[in-house]
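This structure is a prediction, so every number in the text was calculated from the model and none was measured.
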Amino acid sequence: MNNETIPLRKDVPAEHKWDLTKLYKTESDWEADLARIPSFTEKLVSFKGKLGTSSDTLLAALKADDELGLLVEKVYHYASLMNEADQSESANQERYNKVMMAYTNMSSQCSFFTPELLSTEDDKINAWCELPEFADYKISIKKSLHAKPHILSEKEERLMALQSESGQTASNVFSLLNDVDMDFGSVTEDGKEKPLTHSTWSNFLESQDRSVRQEAYTKFYDVFEKHANTLASLYAGSVNNDIFIARARGYKSSLDSALYGDKVPESVYRNLIETVHKNLPDLHRFYSLRKKILGVDELRHWDVYVPLVKTVKSHVTYEESVEICRNALAVLGKEYTDTLCGGLLGGWCDRYENKGKHSGAFSSGCYEGYPYILLNYDDNTLRDVYTMAHEGGHSMHSWYSVHNNPFSCYDYTIFEAEVASTFNEELVFQYMLKNAKDDEMKKYLLAMRANDILATLHRQTMFAEFELKCHESVENGTPLSTDGIRKIYRDLLEMYFGPEMKFEKSSDMEGLRIPHFYSAFYVYKYATGISASLALAKRVTEGGEKEREDYFKFLKSGGSRYPIEALRVAGVDMESPEPVQAALDTFKELVDQLQKLCC
C-alpha cells in the first residue's frame with residue numbers, strides 16, 4: 001500500500017477486507033438478530049427463582065443462557081468489527097451503540113442468574129455437575145463457584161450491570177480522540193509531504209534519516225501534549241472505575257480483582273517486575289550498543305526504533321509474508337499452516353490502513369464466523385511480518401478452541417492468548433535467521449528480534465509497573481493528577497532506558513497514549529506470554545511428537561482449564577520465576593551475538 005495516500009474505507013478493494021458475511025450476509029439479518037435479543041432475554045429471565053429447584057430446570061436455564069450468549073456475541077462481534085474498520089462512519093458508531101445498549105439492558109435483566117446459581121447449596125450444584133448431561137457446563141459452573149466470594153446480591157449485580165456502559169466512557173472517549181479526532185499533520189521525507197498517522201508514525205521512526213525521526217516524534221507528541229489534561233483526566237477516570245469495581249466486589253485491591261478470575265497469584269505479577277529489574281543492566285547495555293552503532297553523541301527517544309543495520313531492505317508484500325508464516329510454522333503441521341494461510345488470504349483479515357480504521361492490530365474471534373484479524377499492514381515494515389504471525393497465533397488459538405470446546409467454555413484467557421501469538425513470532429525469527437543470506441541480514445534480524453523481545457518483555461513490564469503504581473497511588477489515598485501521572489511515567493522511563501537516553505519534555509506523554517491502559521492489568525500478560533512462548537518454542541522445535549502434541553493440547557484447551565494449569569500441560573510452569581529469567585537470558589544472548597557481529 002502507498003503510504004502517501006490513505007484511502008477511504010469505501011475505496012478499499014473487497015479482497016483486502018475481512019469477510020463479515022460469515023456473520024451476517026446483510027444488514028437486515030443483523031437487525032433481525034438484534035431485535036431477537038429481548039425475546040431470548042425473556043426466555044432466560046423466565047427461570048428466575050427456579051434455578052435450584054431441579055437439575056432439569058438448571059440444565060434448561062443453562063441452555064437458554066447459551067442461546068442468548070451466542071446471539072449477543074455474534075451481534076456484538078459484527079457491530080464491533082464494522083466500527084473498528086471505520087470509526088469515522090456514523091452508521092458504524094450508531095450500530096455499535098445500539099448493541100451496547102441492548103447488551104446493557106440484557107445484562108441488567110439477567111443479573112439474577114449468577115447470584116441465584118451461587119445461592120444454591122454447593123453440595124447440590126456439585127452433585128448435578130457430575131451428571132453426564134451437564135458435561136458441557138461443568139467447567140463454567142466450577143469457575144462460577146470460584147467467583148462466589150465476590151458475587152453480590154441480585155439488586156447489587158443489577159446496579160453493576162447498569163453501570164457497565166457508563167464505565168466504558170473513558171475508554172470510548174479516548175478511542176475517538178486518539179483514532180479519529182487527532183490530526184498529526186505531515187512529515188517531509190525524500191522531499192515529499194507525507195501524512196503522519198498512528199500507522200505511518202512507526203515507519204517514520206524507522207527512517208535512517210534522523211531529521212525525519214525527530215520531526216515525526218516531535219509533531220506526534222506535540223498533539224498529545226496539547227490534550228495532556230484531557231488525557232490524564234480520562235485515564236484517572238478509568239483507574240477510579242477499576243478501583244470502584246474492585247471495592248464493590250470485595251477484592252483486596254484492583255490488582256487482586258484483575259488476577260482472581262484466572263487464579264493467577266499476585267506473586268506472578270510482582271515477580272515479573274522484580275526479575276526484569278534485576279536484569280536491567282543487560283537492557284542498558286543494549287541501548288549503549290544502539291548508541292554506538294548509530295554513531296550519535298546523544299541517544300534520543302526517537303532513535304530507539306530505527307533498524308541498526310542500514311543496508312538491508314525490508315520490503316515484503318502481504319502475500320510473501322503469508323508464505324513466510326507458512327514455512328516458519330511448518331513444525332506445527334499442515335492442518336495448522338493450511339488453515340491459517342487460507343484464512344489470511346481468504347477473508348479472515350482486514351489488511352491495510354484506511355481512514356478512520358483502528359490503529360495497530362488485533363485478532364477477534366467468536367464462536368461463529370471467522371477468527372478475524374485486523375492489520376494495518378505495510379510492505380516496507382518487516383516487523384509487520386511478525387505482527388501477521390502474532391495475530392495469526394491468536395486466531396489459530398481461537399480456531400482450535402472453538403473446534404474442541406462447547407460454547408460455555410471455549411473462550412481462553414488473555415494470559416494464555418499471548419503465548420500462542422509470541423510462540424509464532426519466535427518461529428518466524430528462527431526461520432528467517434536460518435535462511436539469512438549474509439551477516440548483514442543476520443545483524444538486521446538479531447537487532448530486530450532483540451527489539452521485539454524488549455518491546456514485549458521489558459516494555460510491557462514497564463507498562464505493567466506504571467499501571468500498578470497508578471492504581472496503588474489512588475488506593476493509598478493519593479488521587480491522580482496530570483503532573484502526578486507524568487512523573488510516575490518519567491521515573492520509569494529513566495529507570496528502564498538507563499543513563500544513555502536523553503528524553504524530551506513531552507516523552508512522558510507516552511504514558512497517556514497507550515490504549516491497553518484502559519483494560520487494566522492486561523499488558524503484563526504480554527511479558528509472561530513471551531516468557532512462556534520462548535520456552536515452548538524451544539521445547540517444540542527441539543522435541544518430537546509428544547512435545548508438539550502437548551502444545552496442541554494447550555491450544556485446544558480453550559477455557560477448560562485455568563491458565564497456569566493449561567501452560568503446565570504444555571510444559572511450562574509460570575508460577576516459577578525460571579521462564580521469565582530464561583527469556584531475559586535469551587535477550588542477553590541476542591545482545592551478545594549482535595555485539596560480536598557489529599563491533
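Between the side chain of T586 and the backbone N or O of A582, at least one donor-acceptor pair lies under 3.5 Å. Of the possible polar contacts, none joining the D190 side chain to the K192 backbone as a donor-acceptor pair under 3.5 Å is found. Judged purely by atom type and a 3.5 angstrom limit, N354 uses its side chain to pair as donor or acceptor with the backbone of A85. E416 places a side-chain N or O within 3.5 Å of a backbone atom of T413 that can act as its donor or acceptor partner. Side chain of D384 to main chain of T387: no donor-acceptor pair is present (N/O by atom type, distance under 3.5 Å, no hydrogens or angles). Between the side chain of E578 and the main chain of V572, no donor-acceptor pair closer than 3.5 Å is present. Under the 3.5 Å distance criterion, the side-chain polar atoms of H284 are matched with a main-chain donor or acceptor of M495. Judged by distance alone, with hydrogens and angles left aside, the side-chain atoms of Y235 form no donor-acceptor pair with the main-chain N or O of T482 at under 3.5 Å. A donor-acceptor pair under 3.5 Å is absent between the side-chain atoms of R486 and the main chain of M509, judged by distance alone. For E467 (side chain) and A464 (main-chain N/O), no donor-acceptor pair under 3.5 Å exists by modelled atom type.
Between L584 atom CG and L457 atom CG the span is 4.5 Å, to the nearest 0.5 Å. With rounding to the nearest 0.5 angstrom, the OG1 atom of T337 is 8.5 Å from the CE atom of M396. Within the model, atoms CG of D378 and OH of Y318 stand 14.0 Å from one another, a figure rounded to the nearest 0.5 Å. Between the CD atom in E425 and the CD atom in Q430 there is a gap of 12.5 Å [rounded to 0.5 Å]. The distance from the CG atom of D297 to the NZ atom of K291 is 7.5 Å, given to the nearest 0.5 Å. One distance of note links CD of E472 with CD of E465; it measures 10.0 Å at 0.5 Å rounding.
Using a 4.0 Å cut-off between charged side-chain N and carboxylate O, D179 and K357 make no salt bridge. Taking 4.0 Å as the cut-off between side-chain N and carboxylate O, E426 and R449 count as a salt-bridged pair. A salt bridge does not link K469 with D491: none of the charged nitrogens is closer than 4.0 Å to a carboxylate oxygen. With salt bridges taken as basic N to acidic carboxylate O contacts below 4.0 Å, none links K487 and D483. Between D303 and R290 no salt bridge is recorded (no basic side-chain N to carboxylate O distance below 4.0 Å). Salt bridge annotation for R270-E274: absent, with no cationic side-chain nitrogen under 4.0 angstrom from a carboxylate oxygen. The pair K292-E500 fails the salt-bridge criterion, with no side-chain N (NZ, NE, NH1 or NH2) lying under 4.0 Å from an Asp/Glu carboxylate O. A salt bridge is absent between D11 and K355: the closest approach of a Lys/Arg side-chain nitrogen to an acidic carboxylate oxygen does not fall below 4.0 angstrom. Checked for salt-bridge contact, E319 and R351 meet the test: a charged N lies under 4.0 Å from a carboxylate O.
Enclosure of atom CD in E266 by more than 12 non-hydrogen atoms of other residues, nucleotides or ligands within 6.0 angstrom is indicated. Around the NZ atom of K443, the shell of radius 6.0 Å holds more than 12 heavy atoms that belong to other residues, nucleotides or ligands.
Ring geometry for F224 versus Y221: interplanar angle of 30 to 60°, hence tilted.
Looking only at atom types and distance, the side chain of E323 has no donor-acceptor partner in the side chain of N327 under 3.5 Å away. There is no side-chain donor-acceptor pair under 3.5 Å between N376 and S359.
Under the 4.5 Å side-chain criterion, counting only non-hydrogen atoms from C-beta, Q581 is in contact with N279. Residues L329 and Y431 are not in side-chain contact: their nearest non-hydrogen atoms beyond the backbone lie 4.5 Å or more apart. Side-chain contact check for I530 versus E418: every heavy-atom pair is 4.5 Å or farther apart. Using a 4.5 Å heavy-atom cutoff, the side chains of N178 and P515 are in contact. N271 has its side chain out of reach of V580: every pair of non-hydrogen atoms, C-beta onward, lies at least 4.5 Å apart. A 4.5 Å side-chain heavy-atom check between M388 and V322 finds at least one atom pair inside the cut-off. For the pair F521/V264, no side-chain contact is recorded, criterion being any heavy-atom separation below 4.5 Å from C-beta on. You'll find the side chain of E504 reaches within 4.5 Å of the side chain of W302, heavy atoms only.
In this structure, I6 and P195 approach most closely via the heavy-atom pair CD1-CG, 4.0 Å. Taking both residues in full, the closest heavy atoms of P371 and S398 are given as CB-CB, 4.0 Å, listed atom of the first, atom of the second, then distance. Nearest heavy atom pair, residue F415 against residue L567, reads CE2-CD1, 3.6 Å. Heavy atoms only, all atoms of each residue included: S186 and K219 are closest at O-NZ, 2.7 Å. Taking both residues in full, the closest heavy atoms of R210 and E298 are given as NH2-O, 2.8 Å, listed atom of the first, atom of the second, then distance. Taking all atoms of both residues into account, the shortest heavy-atom contact from I488 to C470 is CD1-SG, 4.1 Å.
When each of T456, T422, N424 is paired with S533, the side chain to side chain donor-acceptor pair (under 3.5 Å) condition holds for T422 and for no other. Between D350 and the choices R9, K17, H16, H358, the side chain to side chain donor-acceptor pair (under 3.5 Å) rule is met once, by R9. The ring-ring contact (aromatic ring centres under 6.0 Å, His included) test with H301 singles out one residue from Y287, Y496, F503, and that residue is F503. Here the options are I273, L255, L259, the test is side-chain contact (heavy atoms from CB on, under 4.5 Å), and the partner is Y524; only L259 passes.
For H198, the ring-ring contact (aromatic ring centres under 6.0 Å, His included) criterion is met by F184, F220, not counting sequence neighbours. Under the rule for a salt bridge (Lys or Arg N to Asp or Glu O under 4.0 Å), the partners of K588 that lie at least two apart in sequence or sit in another chain are D592.
Y526 and F463 have their aromatic ring centers separated by at least 6.0 angstrom. Note: F466 and F517 meet the aromatic proximity criterion, with ring centroids under 6.0 Å apart.
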### Task
Start with the C-alpha gap between N451 and F286, add the side-chain angles, then the distance that decides, and say whether side-chain contact (heavy atoms from CB on, under 4.5 Å) holds.
CA-CA 9 Å; N451 272 315; F286 178 68; 3.5 Å; yes
### Query
Between Y489 and S507, does a side-chain contact (heavy atoms from CB on, under 4.5 Å) hold up when you go through it step by step?
CA-CA 9 Å; Y489 200 81; S507 293; over 6 Å; no
